[in-house]
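Report on one structure; see the data block that follows.
What's counted below: heavy atoms across the whole structure, side chains too, no hydrogens, waters or symmetry copies. Bear in mind that the values here come from a model prediction, so they are computed numbers and not experimental data.
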Amino acid sequence: MGIIIDFGDIFDVNHFINSLRDELIIVKELPLKLKLKNKRRLYSMPPVSWSNETYYLKRVLHLARKHKVIHFNKTDARLANNGLPVQLQTLRCRVNFEALRFTPHIEGLGRKLISTLRKSGQFVVLHLRYEMDMLSFSGCTHGCSVEETQELTRMRYAYPWWKEKEIDSEVKRFQGLCPLTPEEITLVLKALGFTKDTLIYIASGEIYGGEKRLAALKAAYPRLVRKEKLLSPDELRPFQNHSTQMAALDYMVSIASDVFIPSYDGNMARVVEGHRRYTGFRKTILLDRMKLVELLDGFQGGAMSWNEFSAAVKKAHQHRMGQPTDRKVIPGRPKEEDYFYANPQECLGPKEGLREIL
């Protein structure tokens, strides 16, 4: 696990402030008067999740006027996906895709990675969510040995803040709630038509099981690379123990890739999807894991031939390539809607005039 780092360790603070100065006043620190007043009793609160602008105008603004300064101790998913004024949605896009720029050091190394990959032609980024903590907390242990399953379970129980302890891995897998294993991803890539000479960059933390777990993927795709192979130890040394900065490098490469394929729809995968839509609907293959589990089990169990399996995989994903699409709205169940930052449709302009890069 990386150490905790600040906003300024990842993002260019001055660019963030300057790019939003027409919309917001952003300060690096509180004025002395407010700093002294709030030194001992800073008002802290978690905003209510999936709230619209009315909540902030009627509830939060009142508290801001009363306390002068509010500390939001939780900020993820606090704003609704849908039903917000267009000007608020477009401001979100400016923040997400224009104001947030990585520090010069991260940007420079990220551009070097992209340039190195580009010299070899087109490349695919595979966001392979097969890290130990991901598997442990999700309870997804399909394909793991008994010893590995026990190790992952012990890790989950060792963290008291993680509420879900007893997990049926196979049930979650059949529901499409698990990342695909490296072996499963190998079959899916082949079925989708990616040939052996495809250059694949793996965006991920340390893969659980190490190089041994990547054996099938490496055998099928010899041109498999990671940042650790493309950059020298000296270049990566400042980023060691800073997992978020390492993820920032992967993010830059993911945005620039010709094809992006996430094995799981976590936060990074969703934001990359939205960013790639924002920059011209670049090809992003959104895997239907529930359907794929059914097809993979059918093929591996002998119920389907390779040609049948490949045809079925292609058919299941012909409309899951990051094309323009309306964001899903589910009244009363915002958590199950399509996330705004994965499909910021208000910021994308008329669909008729957009060119799909597929």
Does [X], at its [atom1] atom, have more than 12 non-hydrogen atoms belonging to other residues, nucleotides or ligands within less than 6.0 Å?
X    : atom1 : result
Q240 : CD    : yes
E23  : CD    : yes
E29  : CD    : no
I25  : CD1   : no

List the atom of [X], the atom of [Y], and the distance in Å for their closest heavy-atom pair.
X    : Y    : result
I10  : I106 : O-CD1, 3.7 Å
M155 : S136 : CB-OG, 3.4 Å
L189 : L217 : CD1-CD1, 4.0 Å
K218 : L224 : CG-CD2, 3.5 Å
L177 : C140 : O-SG, 3.9 Å
A248 : F102 : CB-CE2, 3.5 Å

Using 0.5 Å steps for rounding, measure from the [atom1] atom of [X] to the [atom2] atom of [Y].
X    : Y    : atom1 : atom2 : result
Y43  : N73  : OH    : CG    : 10.0 Å
N343 : R270 : CG    : CZ    : 12.5 Å
L88  : C93  : CG    : SG    : 11.5 Å
S257 : I200 : OG    : CD1   : 11.5 Å
L152 : M132 : CG    : CE    : 5.5 Å
E184 : L292 : CD    : CG    : 8.5 Å

Does one side chain, of S310 or K314, offer a donor that lies under 3.5 Å from an acceptor on the other?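 Their side chains do contain a donor-acceptor pair, which is all the 3.5 Å distance test asks for.
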T195 and D197 side chains, donor-acceptor separation under 3.5 Å: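 A donor-acceptor contact under 3.5 Å links the two side chains.
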Should [X] and [Y] count as an ion pair when the cut-off is N to O under 4.0 Å?
X    : Y    : result
D297 : R173 : yes
D258 : R118 : yes
R78  : D76  : yes

If the plane angle is over 60° it's perpendicular, under 30° parallel, otherwise tilted; pick one for Y339 and W50.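 Ring orientation of Y339 relative to W50: parallel.
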Please work out which of the three classes, parallel, tilted or perpendicular, describes the rings of F299 and F309, given edges at 30° and 60°.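 Because their plane-to-plane angle is under 30°, the rings of F309 and F299 count as parallel.
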I'd like to know if the side chain of [X] reaches the main chain of [Y], judged simply by a donor and an acceptor atom lying under 3.5 Å from each other, with no hydrogens or angles considered.
X    : Y    : answer
E107 : R101 : no
Q89  : N81  : yes
D6   : G8   : no
R276 : F281 : no
S263 : H127 : yes
K172 : G139 : no
R156 : K165 : yes
H317 : D288 : yes
R320 : I285 : no
H275 : Y341 : no

Are [X] and [Y] in one and the same hydrophobic cluster, where Ile, Leu, Val, Met, Phe, Trp and Tyr link if side-chain heavy atoms are under 4.5 Å apart?
X    : Y    : answer
I261 : I207 : yes
I114 : V272 : yes
Y278 : L84  : no
L199 : M252 : yes
V48  : V60  : yes

Going by the side-chain hydrogen bond (donor to acceptor under 3.5 Å, both in side chains) test, name the single residue among E148, E151, E131 that passes it with Y208.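 Of the listed options, the one satisfying the test is E151.
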Does any part of the side chain of [Y], heavy atoms only, come nearer than 4.5 Å to the side chain of [X], both counted from C-beta?
X    : Y    : value
N96  : V271 : no
R226 : S204 : yes
L100 : F7   : yes
E228 : M246 : yes
F260 : K283 : no
P222 : K196 : yes
V124 : Y221 : no
K28  : I17  : yes

Using side-chain contact (heavy atoms from CB on, under 4.5 Å), reason through K227 and V253 one step at a time and then give a plain yes or no. CA-CA 10 Å; K227 53 187 172 293; V253 178; over 6 Å; no
Take V188 and F194, measure what side-chain contact (heavy atoms from CB on, under 4.5 Å) needs, and give me the verdict at the end. CA-CA 9 Å; V188 171; F194 290 98; over 6 Å; no
Might you work through the side-chain contact (heavy atoms from CB on, under 4.5 Å) test for R277 and T325, ending with a clear yes or no? CA-CA 10 Å; R277 288 178 184 275; T325 181; 3.7 Å; yes
By the rule that ILVMFWY residues connect when side-chain heavy atoms come within less than 4.5 angstrom, directly or transitively, which residues belong alongside V293?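 Direct or chained contacts put V293 with F174.
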Hey, mind stepping through L230 and K112 against side-chain contact (heavy atoms from CB on, under 4.5 Å) and telling me if it holds? CA-CA 9 Å; L230 299 175; K112 181 175 181 179; over 6 Å; no
Applying ring pair (Phe, Tyr, Trp, His ring centres under 6.0 Å), run through F11 and F16 and close with a yes or a no. CA-CA 8 Å; F11 297 108; F16 184 76; 7.9 Å; no
Give a yes/no verdict on a cation-pi contact between R92 and F340, requiring under 6.0 Å between NZ or CZ and the six-membered ring centre and an angle within 45° of the axis.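 Yes.
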Considering the options E346, E337, E273, which one meets the salt bridge (charged side-chain N to carboxylate O under 4.0 Å, His left out) requirement together with R327?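 Output: one option passes, namely E346.
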